[in-house]
Amino acid sequence: MEGKKDPRLEFLRLTAPGTPLRDAIDRILQLGRGGLLLVANREVAGPLIAAGFELNAPFTPQAIVELAKMDRAVVVNEELETILYANAHLVPSPTIPSQETGTRHRVAEQVAREIERLVIAISEDRHRVTLFHGEWRYELQDIQTLFVRVSQGLQILDRYRRELRELLTALAPLEFERRVFPSHVAAVLQRALYMMELERDVERTLVELGVHRELPERHLTVLMRGVREEMELLVRDFKSDPRPAEEIVDELLALAPEDVLRPDVILRPLGITTDQELEEPIPSRGYRLLSKVPRLPVSVIERLIEEIGTVDKVYRASRRQLDRVKGIAEARARAIEFSLSRFKNGYTGTMDGF
Ligand SMILES: Nc1ncnc2c1ncn2[C@@H]1O[C@H](COP(=O)(O)OP(=O)(O)OP(=O)(O)O)[C@@H](O)[C@H]1O
């Protein structure tokens, strides 16, 4: 779920290609040197510094590179505006455990655990960059690896999207025959939830790609277009819970991955809970299909469903019945009949990608 900013994601953003910090890191690596960077304000870092130079110099990649040549640690403030210390000898509490073997990395891990700030270790021997924060340890990946990961994610998303489209297309005729079972609804929601989970994964890798993210990001936007909207419409069509569909979808998005595998758990937030409800067909109100009728305003869709009830009844309604709904005249009645009969026959061409 969206919520408080994940600090780790922020660190990946700060160290992504194209940022001043990454520029400094890459230059240190190119020089074949190592380094230790601590990102913390003076009052937090100060007590851990046993020796070194206190500075108040503006943060630039070039300055960081030069100061890293002096060995030990460079400390920059959290806004990445000022270099506070250079050649700093850091003394974390010796009681803090560390899995690391080299001294640079051990100090990095211990400091990160002690003060919960970002510490970056640039390894001279292994040519690797490791971020530490609290218990978190993450090795920066090279661009090629990130590209491979993103393109695998996008390929799977592409397949999921096609499957979602097929499921939705197959659902439409059943809606007119009142033959939609909760398991059908769960299958669609499940597929959409898989997509949204994978989207979060791909987005994380896009953050790491920094300036190289543009093309895969566009591809991701295309693949995810309309997925959340489609989920909300589907929930509106079949829910018995009185809460708004957006709220129910948020609850679905907060499900643990193992719960997404269980149709009964997916259906619970919709208000479909008992064994009997799980076995019985549910009528579709028709928000999803009616939203795909060209130029039919939402207010008219709402009235149609309020007054007529379900999509199969709207489909079977006489012209006179449709005319009685405010906002529907000859042209709209014809458009509704035309579109619904196409959806009934499994046609999806006008469904905005679905
Ligand atoms: N307490 C400390 N504070 C700041 N820097 C330190 C501290 N201890 C060690 N270092 C830095 O670590 C460097 C030594 O790293 P060492 O090779 O032992 O560790 P490492 O983790 O294996 O790193 P690398 O992978 O770069 O070799 C020193 O040159 C020094 O710059």
Side-chain angles (χ1 to χ4, degrees), residues 7-8 10-12 14-146 208 210:
R8 275 89 201 243
E10 282 306 303
F11 300 148
L12 293 178
L14 282 181
T15 51
T19 61
L21 197 53
R22 178 59 169 263
D23 191 15
I25 292 169
D26 285 345
R27 287 207 229 170
I28 293 170
L29 281 172
Q30 276 158 16
L31 289 173
R33 308 188 78 110
L36 190 58
L37 302 175
L38 165 60
V39 183
N41 289 342
R42 202 181 294 275
E43 60 280 11
V44 179
L48 268 70
I49 298 173
F53 303 104
E54 194 165 346
L55 292 170
N56 228 333
F59 174 98
T60 65
Q62 188 57 36
I64 299 280
V65 175
E66 291 306 319
L67 292 168
K69 288 180 188 164
M70 295 171 77
D71 226 24
R72 302 205 284 205
V74 177
V75 183
V76 297
N77 76 344
E78 289 174 29
E79 285 72 37
L80 295 183
E81 286 165 347
T82 311
I83 303 171
L84 303 174
Y85 299 93
N87 192 230
H89 184 71
L90 303 174
V91 199
S93 159
T95 58
I96 295 178
S98 171
Q99 317 291 331
E100 300 292 333
T101 46
T103 47
R104 194 196 314 273
H105 289 75
R106 193 161 52 235
V107 168
E109 186 179 33
Q110 288 173 319
V111 170
R113 285 186 167 177
E114 183 166 345
I115 59 175
E116 290 264 341
R117 292 296 186 278
L118 174 64
V119 189
I120 305 168
I122 304 161
S123 167
E124 190 172 344
D125 292 349
R126 286 168 291 154
H127 228 68
R128 296 234 180 92
V129 180
T130 313
L131 310 185
F132 295 91
H133 180 261
E135 301 299 306
W136 184 65
R137 178 191 195 280
Y138 185 77
E139 228 167 74
L140 291 186
Q141 308 290 304
D142 66 80
I143 308 279
Q144 289 316 319
T145 310
L146 294 172
E208 291 183 69

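Just follow the structure's listing: the first ligand is 1, and inside any ligand the first atom is 1. Only a predicted model underlies this, so the values are computations on that prediction, with no experimental measurement involved.
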Margin query: Closer than 4.0 Å to some heavy atom of D71 - which atoms of ligand 1 meet that?
Written below: 28 (C), 29 (O), 30 (C), 31 (O)
Next item on the list: Using a strict cut-off of less than 4.0 Å between a Lys/Arg side-chain nitrogen and an Asp/Glu carboxylate oxygen, indicate whether E124 and R126 qualify as a salt bridge.
Entry: no
Next item on the list: Check whether any side-chain N or O of R8 sits under 3.5 Å from a backbone N or O of H133 as a donor-acceptor pair, and report yes or no.
Entry: yes
Check: Hey, is V107 touching ligand 1 through its side chain, its backbone, both or neither, going by heavy atoms under 4.0 Å?
Finding: side chain
Notebook entry, point to check: What protein heavy atom sits nearest atom 27 (O) of ligand 1, and how far off is it?
Noted result: D125 OD2, 3.1 Å
Note to self: Under a 4.0 angstrom heavy-atom cut-off, which atoms of ligand 1 come close to R126?
What the structure shows: 25 (O)
Notebook entry, point to check: Going by the order shown, which atoms of ligand 1 are within less than 4.0 Å of some heavy atom of A88?
Noted result: 3 (N), 4 (C)
Margin query: Looking only at protein heavy atoms, which one is nearest to atom 21 (O) of ligand 1, and what is the separation?
Written below: H105 ND1, 2.6 Å
Note to self: Just to confirm my output: which protein heavy-atom neighbour is closest to atom 12 (O) of ligand 1, and how far is it?
What the structure shows: R104 CB, 3.3 Å
Notebook entry, point to check: Looking only at heavy atoms of A108, does any of them come nearer than 4.0 Å to an atom of ligand 1?
Noted result: no
Item checked: Heavy-atom donor-acceptor pair, N41 side chain to V44 backbone, under 3.5 Å -> no
Notebook entry, point to check: Relative to the heavy atoms of L36, which atoms of ligand 1 are at a distance of less than 4.0 Å?
Noted result: 4 (C), 5 (N)
Checklist line | 4.5 Å side-chain heavy-atom contact, T15 and L21 | finding: yes
Next item on the list: To the nearest 0.5 Å, tell me how far M70 CE sits from F53 CZ.
Entry: 4.0 Å
Margin query: Just to confirm my output: which protein heavy-atom neighbour is closest to atom 31 (O) of ligand 1, and how far is it?
Written below: R72 N, 2.8 Å
Notebook entry, point to check: With no hydrogens and no angle check, is any side-chain donor or acceptor of R128 less than 3.5 Å from a backbone partner on I122?
Noted result: no
Next item on the list: Output the distance between atom CG (L37) and atom CD1 (I28), rounded to the nearest 0.5 Å.
Entry: 5.5 Å
Notebook entry, point to check: What are the two closest heavy atoms between R106 and T101, and how far apart are they?
Noted result: NH1-O, 2.9 Å
Notebook entry, point to check: Given L38, L90, N87, which one has a non-hydrogen atom that is nearest to atom 1 (N) of ligand 1?
Noted result: L90
Item checked: Whether S123 lies under 4.0 Å from ligand 1, heavy atom -> yes
Notebook entry, point to check: Quick one: does atom 17 (O) of ligand 1 have a protein heavy atom under 4.0 Å from it?
Noted result: no
Notebook entry, point to check: At a 4.0 Å threshold, what atoms of ligand 1 neighbour a non-hydrogen atom of G102?
Noted result: 19 (O), 20 (P), 21 (O), 22 (O)
Notebook entry, point to check: Considering only protein heavy atoms, which is closest to atom 14 (C) of ligand 1, and at what distance to one decimal place?
Noted result: T103 OG1, 3.6 Å
Checklist line | Trace of the side chain to side chain donor-acceptor pair (under 3.5 Å) decision for Q110 with E114 | finding: CA-CA 6 Å; Q110 288 173 319; E114 183 166 345; over 6 Å; no
Checklist line | Heteroatom distance test (E124, ligand 1): nitrogen or oxygen, under 3.5 angstrom | finding: yes
Item checked: Geometric cation-pi criterion R42 and Y85, 6.0 Å radius, 45° cone -> yes
Note to self: Tell me the contacting part of A121 for ligand 1: side chain, backbone, both, or neither, using a 4.0 Å heavy-atom threshold, strictly below.
What the structure shows: neither
Notebook entry, point to check: Quick one: which of E100, E109, H105 gives a side chain to side chain donor-acceptor pair (under 3.5 Å) with R137?
Noted result: E100
